[in-house]
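Throughout, numbering of the chain's residues begins at 1 and tracks the sequence. From a predicted model like this one, the values you see are computed outputs, not experimental measurements.
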Amino acid sequence: MVAPEIKTQEAQLRGLLEKLSAYVEQFHGGTVEFGSFDGKTLRVHLGGACLNCPLLPSTLHGWVAGTVHQFFPGIEVVEEK
């Protein structure tokens with residue numbers, strides 16, 4: 001069973017990722033999708049133009065993880081699923 005605070009945080013994370021995805025899709029042709037969240041690790045999937053892009057690691061770790069950590073400093077890891 002998932003703790004209620006994780007479910008609430010998950011809903012907030014989904015909302016943030018939807019906003020990030022809208023930006024990435026409009027300006028870069030890629031997508032950012034929620035994968036899973038266990039309270040410490042967030043798994044996302046980068047799709048669209050991000051697939052096979054040599055800048056995918058920079059986008060994931062620099063931009064997606066950086067933004068997530070700004071709003072959710074307790075998340076330890078953001079990784080591609």
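The side-chain heavy atoms of F34 and E10, taken from C-beta on, include a pair separated by under 4.5 Å. Looking at V64 and T67, their side chains never come closer than 4.5 Å, going by heavy atoms from C-beta outward. For the pair R43 and T41, the minimum side-chain heavy-atom distance is below 4.5 Å. In this structure, L16 and F72 have side chains that are in contact, with non-hydrogen atoms separated by less than 4.5 Å.
Taking all atoms of both residues into account, the shortest heavy-atom contact from L46 to E80 is N-OE1, 3.2 Å. In plain terms, the two heavy atoms of H28 and A49 that are nearest each other are O-CB, 3.4 Å. Closest approach of P54 and P57 over heavy atoms only: O-CD, 3.6 Å.
For the atom pair H61 NE2 and L56 CG, the distance stands at 8.0 Å (nearest 0.5 Å).
At a threshold of 4.5 Å between side-chain heavy atoms, the hydrophobic network of Ile, Leu, Val, Met, Phe, Trp and Tyr places L51 and W63 in two separate groups. No chain of hydrophobic side-chain contacts below 4.5 Å, direct or via other Ile, Leu, Val, Met, Phe, Trp or Tyr residues, connects L55 to V68. Note on V77 and V32: separate hydrophobic clusters, where clusters join Ile, Leu, Val, Met, Phe, Trp and Tyr whose side-chain heavy atoms are under 4.5 Å apart, directly or indirectly.
R14 has no carboxylate O lying under 4.0 Å from a charged side-chain N of E18, or vice versa, which leaves the two without a salt bridge.
Looking at E79, its side chain never comes within 3.5 Å of a backbone N or O of L42 through a donor-acceptor pair. Between the side chain of H69 and the backbone N or O of A65 there is at least one donor-acceptor pair closer than 3.5 Å. Within the 3.5 Å criterion, the main-chain N or O of T31 finds no donor-acceptor partner in the side chain of S21.
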Item to complete: I would like to know whether V24 and C50 meet side-chain contact (heavy atoms from CB on, under 4.5 Å); could you show each step before the answer?
Response: CA-CA 9 Å; V24 171; C50 292; 4.2 Å; yes
